[in-house]
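In what follows, a single structure is set out as C-alpha cells and then discussed.
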Amino acid sequence: MAEKPRTSGPDRISEAEHAVMEVLWNSGTATAAEVCEAVCKARDWSQATVKTLLSRLVQKRAVDARPDGRRYLYSPLIARADYVGGESRRLVDRLFGGRAASLVAHLAETEALTNEDLGEIEALLRELKR
C-alpha cells in the first residue's frame with residue numbers, strides 16, 4: 001500500500017533529484033521510463049541515471065516505490081508545498097539570519113525583482129495585512 005505524502009522533510013534533495021521530484025509532483029505516479037521521457041533528453045541523462053536518482057529518493061523516504069509487474073511505480077511521499085516551504089525557510093535562515101525581509105531587500109538591491117514581481121509582492125502584503 002502506498003504511503004500518503006508526509007509533511008516532515010527527507011534528507012536534503014539534490015538538484016538532480018529535484019528534477020525527478022518535479023516530474024512525480026506533476027504526474028502523481030510514474031515509472032522510471034516515464035520520468036526519463038520527461039527529463040532525460042533535456043538533461044542528457046540515461047534511464048539508468050533516472051533509476052539511480054529514484055533509488056536515492058526512495059532511500060531518503062521522499063518517494064514510494066510500488067511493484068507493478070516487472071516495473072515499479074514511483075510516487076512522492078512529500079508534498080511539493082511542504083518541500084518548498086522547508087527549503088525556503090532553510091535559505092532565509094542560512095543566508096539572511098532568519099529574516100525574510102532581508103531576502104526581499106537583497107533582491108531589490110540587486111535589481112532581481114521586476115516591476116511585475118514588485119506588484120505581486122505589494123498585493124500579497126496588502127492581502128496579509130487584512
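Rounded to the nearest 0.5 Å, atoms OG1 (Thr31) and CD (Glu37) are 8.5 Å apart. Rounded to the nearest 0.5 angstrom, Asn115 CG and Glu122 CD are separated by 9.5 Å. Between the CD atom in Glu17 and the CD atom in Glu15 there is a gap of 10.0 Å [rounded to 0.5 Å]. Distance check, rounded to the nearest 0.5 Å: CG of Leu24 to CD of Glu34 gives 10.0 Å.
Put simply, the side chain of Leu118 does not reach to within 4.5 Å of the side chain of Thr114, judged on heavy atoms. In this structure the side chain of Leu95 never reaches within 4.5 angstrom of the side chain of Leu103, judged on heavy atoms. For the pair Asp64/Thr29, no side-chain contact is recorded, criterion being any heavy-atom separation below 4.5 Å from C-beta on. Counting heavy atoms from C-beta outward, Ile78 and Met21 have side chains that approach closer than 4.5 Å. Looking only at side-chain heavy atoms (C-beta outward), Tyr74 and Leu57 stay at 4.5 Å or farther from each other.
By the 6.0 Å contact criterion, CD on Gln47 is enclosed, its count of non-hydrogen atoms from other residues, nucleotides or ligands being greater than 12. Atom CZ of Arg43 is surrounded by more than 12 heavy atoms from other residues, nucleotides or ligands within 6.0 Å.
One hydrophobic cluster holds both Trp25 and Val58 under the rule that ILVMFWY side chains link at heavy-atom gaps under 4.5 Å. Both Leu54 and Val23 belong to a common hydrophobic cluster when Ile, Leu, Val, Met, Phe, Trp and Tyr are linked at side-chain heavy-atom distances under 4.5 angstrom. In the hydrophobic clustering of this structure, Val39 groups with Tyr83; members are Ile, Leu, Val, Met, Phe, Trp, Tyr whose side-chain heavy atoms approach within less than 4.5 Å, directly or through other members. Under the 4.5 Å side-chain heavy-atom criterion for ILVMFWY residues, a single connected hydrophobic cluster contains both Leu125 and Val92. Both Ile121 and Leu91 belong to a common hydrophobic cluster when Ile, Leu, Val, Met, Phe, Trp and Tyr are linked at side-chain heavy-atom distances under 4.5 angstrom.
Look at Glu87 and Arg12 and you find a salt bridge, because one of the NZ, NE, NH1 or NH2 atoms lies within 4.0 Å of a carboxylate O, short of that distance. Salt bridge Asp93/Arg90: absent, no basic N to carboxylate O contact under 4.0 Å.
Judged by distance alone, the side chain of Trp45 and the main-chain N or O of Ala16 form no donor-acceptor pair under 3.5 Å.
Summarising the geometry of Ser27 relative to Ala30, their closest heavy-atom pair is OG-CB, 3.7 Å, with the distance given to 0.1 Å. Gly28 approaches Ser75 most closely through the heavy-atom pair O-CB, 3.2 Å. The two atoms that bring Tyr72 and Pro67 nearest to each other are CD2-N, 3.6 Å, heavy atoms only. Across all their heavy atoms, Cys36 and Ser46 have their closest contact at SG-C, 4.1 Å.
By the 30° and 60° cut-offs, the orientation of the rings of His106 relative to Phe96 is tilted.
When only modelled atom types and interatomic distance are considered, Thr52 and Ser55 share no side-chain donor-acceptor pair under 3.5 Å.
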